[in-house]
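Residue indices begin at 1 and follow the sequence shown.
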Amino acid sequence: MADNLVIVESAAKVNTISRFLGKNYKVEASIGHVRDLPKSQLGVDTANNYEPKYITIRGKGELLQKLRKDVKNAKCVYLATDPDREGEAISWHLYHALKLQEKKVCRITFNEITEQAVKEAIKHPRDINTDLVDAQQARRVLDRLVGYEISPILWKKVRKGLSAGRVQSVTLRLISDRDKQIREFVEEEYWSITANLQQGKGKTFEAKLDTYKNEKCDISNEEEAKKIVKACKKGHFQVVSSKKGTRVKNTVLPFTTSTLQQEAAKHLGFSTQKTMNIAQQLYEGIKVGKKEVGVVTYIRTDSIRIADKAKEEATTYITQKYGEQYLGAKKQIEKAKKAHIQDAHEAIRPTYMEYEPNEIKEYLSRDQFRLYQLIWNRFVASQMAPAQYETYSIKIQNGDYEFKASYSIELFDGFIKVYNLGEEKAKKEAKFQVEEGEQLVCGSIIPNQHFTQPPAHFSEATLVKTLEENGVGRPSTYAPTITTLLARGYIVKENKILYMTELGEVVNQIMKEYFDEVVDVDFTANMERILDEIASGNVEWKEIIKSFYPHFHHTVEYAESQIENIDLTEHTDIPCEKCGTHMVVRYGKYGKFLGCPNFPECNGTKPWYEETGISCPECNGKILMKKTKKGRSYYGCEHNGEGCEFMSWDKPTGEKCPICGEALIEKGTSKNKKIVCRNSKCNYGKQNKH
């Protein structure tokens, strides 16, 4: 019988860790959390110093009973839950749920599931860190207070099943604000001028117009561009300076949770949730041959620290495979991160350098292999030397106009040898050499028309980057937050791009109008910093709840009283096909639909289309505001599917373009509105306001 009991979070780790520790240790799993706040009530006693009420999670009773028997037979209990605040809280809950007060209890953590790391953790146990537990309790209680007090208002005024959240609602606001920027964006025309130049009979190269009389040359229309081209054709192109320099492209940093999610989305097409699921599998253990092996370190981290031993192993690998010249500087200075770094962790990296991706490819699924290879290459590259380039910058004068040309020659590829990911390689030989004072032959001068572009819609990767930059949420919250917004129907994902739905806009408007502080980005980021202060032992967690809740609760009461007087029900004169009663507009997962007011006695429904009062430019039918299957709004003809295929994401005017005959659409806000042609190749309306 084993003298020691080790409790981990995941059942996937049990066999691997049992093999490392031998017969004197029994390893069991808690399968995540064992206690939590009750789902059926607030679970926080706001009248009694905000004391949380924890209960055993449904379905965990039998597991706890088994663990209690194991505890009785053990001389020492090792709590080996994950090495983050949530893992610390799970250990604390296990301590109380298993009544370990009379037992010898050791808290151990390891950032990788390797024999050395696990045995080292056993040698250096510690007590449960109550500061980390309190930071997690504060987060959980704040999230519960916000979610459970605001969500019922949404149920009452919009529909059942909706939710609000401290991080979730801020994320929704960021997406909504970006969508608004795009809708209101009015493109502006600008021109560039490129000269194709040649050294006698030598190589031709491009130079772009940069300045006029030493000031930035901004060209706003075709007339100006043609005037400049005409002037330059009359003049001569002469080299006024040719500078040679060097440029260093710094080595990439190893992965954090955020950067892993971003790169996996960009290069592998993974959603944040998929990335975390596969990374968890790689961390917990893959069967390589006959044994389970955790092939990457802990995956929820915002640290870029690398253990000395891992650095040494990487140095040996790089030297043997690529040569000493590819080694990075021994004392590489890491960029200072924000104060909230969980630096007890490491960056995400491979645990064993002998397990090259191709060596264990047969043991991995296709997606596991692709993600593991990404992590492997990023880590190896982070320990390699920077790439080096020789740069050339040339200034060419033509009267009062100055053109610029530049190019780079790769001198040393460095880390790019391993982590390039499809980026175009620089040339390895000189394109051209010119001397100061040299006259150049002009082959052609080409004016090019451009239009300013709106900010891009968020993808999951760019949203994660924005959340991290704004200090909203933690590495572990990004994926579940996005997943929740999609599940609630507040946003949709089409071709990897995130769009607001009508339902999401309704919820966001309520949140902004009545709970502006809760959905304020700066307020949420500041709350994250306060939670870090709790984790550092500088702030008492209940004091934060005390300073937040009274004002918040007053806001909820005010919102309830105001919203009570607002009737969001829209009545129509459209009869229900089942009972004849005039239907009302209701909100479903993907926005508005027509429903019978006699529900649940009558379940008659119809699609809801909003009339715009605009005639279709193609068939003269009615233009209706419609929704895609996923809930994204667009403008379509009432005869769609019956001979007319007109649709537009932007509101049409009902008129046709006088130049090409395509439909005209509205762009921008009511204060700064433009009427432009829907045909992107037609310039009507893009030069002037109408």
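Proximity of Lys274 to Leu371: side-chain heavy atoms (C-beta onward) are nowhere separated by under 4.5 Å. Side-chain contact between Thr315 and Gln383: absent, with no pair of heavy atoms (C-beta onward) separated by less than 4.5 Å. When side chains are defined from C-beta on, Asp82 does not count as touching Ile90, because their heavy atoms never get closer than 4.5 Å. Considering only heavy atoms from C-beta on, Pro455 comes within 4.5 Å of Ile182 through its side chain. A heavy-atom distance below 4.5 Å is not found between the side chains of Glu533 and Ile544. Residues Met384 and Leu327 fail the side-chain proximity criterion, which asks for heavy atoms closer than 4.5 Å. Considering only heavy atoms from C-beta on, Ile108 stays 4.5 Å or farther from His124 through its side chain. Taking 4.5 Å as the limit, every side-chain heavy atom of Leu531 sits out of range of all side-chain heavy atoms of Trp541.
In this structure, the side chain of Gln320 does not engage the main chain of Ile318 through any donor-acceptor pair within 3.5 Å. Under a 3.5 Å cut-off, the side chain of Glu88 and the backbone N or O of Val133 do not form any donor-acceptor pair. Counting only distance, with no hydrogens or angles, the side chain of Arg178 and the backbone of Ala456 share a donor-acceptor pair below 3.5 Å. With hydrogens and angles disregarded, no donor-acceptor distance shorter than 3.5 Å links the side chain of Arg173 to the backbone of Asn508. Side-chain N or O atoms of Ser242 include none that pairs as donor or acceptor with a backbone N or O of Glu435 at under 3.5 Å. Checking side-chain atoms of Thr256 against main-chain N and O of Asp302 turns up no donor-acceptor pair under 3.5 Å. Under the 3.5 Å distance criterion, the side-chain polar atoms of Thr297 are matched with a main-chain donor or acceptor of Ala347. For the pair Ser459 (side chain) and Lys496 (backbone), a donor-acceptor distance under 3.5 Å is absent. Without hydrogens or angle criteria, Gln199 side chain to Gln433 main chain gives a donor-acceptor distance under 3.5 Å. Although no hydrogens or angles enter the test, the distance criterion places a donor-acceptor pair under 3.5 Å between the side chain of Glu346 and the main chain of Ala307.
Summarising the geometry of Pro480 relative to Gln273, their closest heavy-atom pair is N-OE1, 4.0 Å, with the distance given to 0.1 Å. Minimum heavy-atom separation, Pro350 to Tyr372: CB-OH, 4.1 Å. Of all non-hydrogen atoms in Val380 and Met353, the two that sit nearest each other are CG2-CE, 4.0 Å. Of all heavy-atom pairs between Cys232 and Phe237, the closest is O-CE1, 4.0 Å. Shortest non-hydrogen contact noted between Ala207 and Phe403 is O-CD2, 3.6 Å. Residues Val248 and Gln388 come closest through the heavy atom pair CG2-CG, 4.5 Å.
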Query - Intermediate values then yes/no, side chain to side chain contact (heavy atoms under 4.5 Å, CB included), Met527 and Val518 - result: CA-CA 10 Å; Met527 189 60 75; Val518 173; over 6 Å; no
Requested in this report: Kindly indicate, with the supporting measurements, whether the criterion side chain to side chain contact (heavy atoms under 4.5 Å, CB included) is fulfilled by Asp532 and Arg474.
Outcome: CA-CA 11 Å; Asp532 290 332; Arg474 302 288 295 168; 3.7 Å; yes
Report task. Would you sort out whether Glu468 and Tyr478 count as a side chain to side chain contact (heavy atoms under 4.5 Å, CB included), showing the intermediate values? Result -> CA-CA 9 Å; Glu468 184 181 41; Tyr478 301 145; 3.6 Å; yes
Requested in this report: Report the C-alpha distance between Phe20 and Ile113 in whole Å, list the side-chain angles of each, state the deciding distance to 0.1 Å, and finish with yes or no for side chain to side chain contact (heavy atoms under 4.5 Å, CB included).
Outcome: CA-CA 9 Å; Phe20 294 156; Ile113 303 176; 4.1 Å; yes
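Note that NZ of Lys208 is 13.5 Å distant from SG of Cys217, once rounded to the nearest 0.5 Å. Between atom NZ of residue Lys243 and atom CD1 of residue Ile394 there is a gap of 12.5 Å, rounded to the nearest 0.5 Å. The distance from the CD1 atom of Ile491 to the CG atom of Leu485 is 4.5 Å, given to the nearest 0.5 Å. Atoms CD and CG, on Glu438 and Leu197 in that order, are 10.5 Å from each other to the nearest 0.5 Å. If you take OG1 on Thr391 and CG on Leu411, they are separated by 9.0 Å, rounding to the nearest 0.5 Å. Trp191 contributes atom CH2, which lies 4.5 Å from atom CD of Gln449 (distance to the nearest 0.5 angstrom).
Here Glu313 pairs with Lys309 in a salt bridge; the nearest charged N to carboxylate O distance falls below 4.0 Å. The pair Arg140-Glu86 does not count as a salt bridge, with every side-chain nitrogen at least 4.0 angstrom from each carboxylate oxygen. Using a 4.0 Å cut-off between charged side-chain N and carboxylate O, Arg370 and Asp367 make a salt bridge.
Only one option out of Phe369, Tyr317, Phe255, Tyr419 pairs with Trp376 in a ring-ring contact (aromatic ring centres under 6.0 Å, His included); it is Tyr317. Tyr298 pairs with exactly one of Asn111, Asp84, Thr257 by the side chain to side chain donor-acceptor pair (under 3.5 Å) rule, that one being Asp84. When each of Lys465, Lys493, Gln261 is tested with Glu460 by the rule side chain to side chain donor-acceptor pair (under 3.5 Å), just one qualifies, namely Lys493. Each of Thr466, Val521, Thr477 was checked for a side chain to side chain contact (heavy atoms under 4.5 Å, CB included) with Val472, and the lone residue meeting it is Val521. Between Met500 and the choices Val492, Asp177, Ile175, the side chain to side chain contact (heavy atoms under 4.5 Å, CB included) rule is met once, by Ile175.
Crowding of Glu354 atom CD: a count of heavy atoms from other residues, nucleotides or ligands under 6.0 Å exceeding 12. More than 12 heavy atoms of other shown residues, nucleotides or ligands fall within 6.0 angstrom of atom CZ in Arg126. The local environment of CD in Gln439 is crowded, with over 12 non-hydrogen atoms from other residues, nucleotides or ligands closer than 6.0 Å. Counting non-hydrogen atoms of other residues, nucleotides and ligands closer than 6.0 Å to CG of Asn538 gives a total above 12. Remark: Gln116 CD is loosely packed, at most 12 non-hydrogen atoms of other residues, nucleotides or ligands lying under 6.0 Å away. Few gaps surround NZ on Lys13; more than 12 heavy atoms of other groups in view lie less than 6.0 Å from it.
Applying the salt bridge (Lys or Arg N to Asp or Glu O under 4.0 Å) definition to pairs two or more places apart or across chains, those involving residues 315-324 are Lys321-Glu356.
Below 30°, between 30° and 60°, or above 60°: for Tyr352 and Tyr355 the angle between ring planes is above 60°, a perpendicular geometry.
Neither side chain, Thr484 nor Gln168, offers a donor N or O lying under 3.5 Å from an acceptor on the other.
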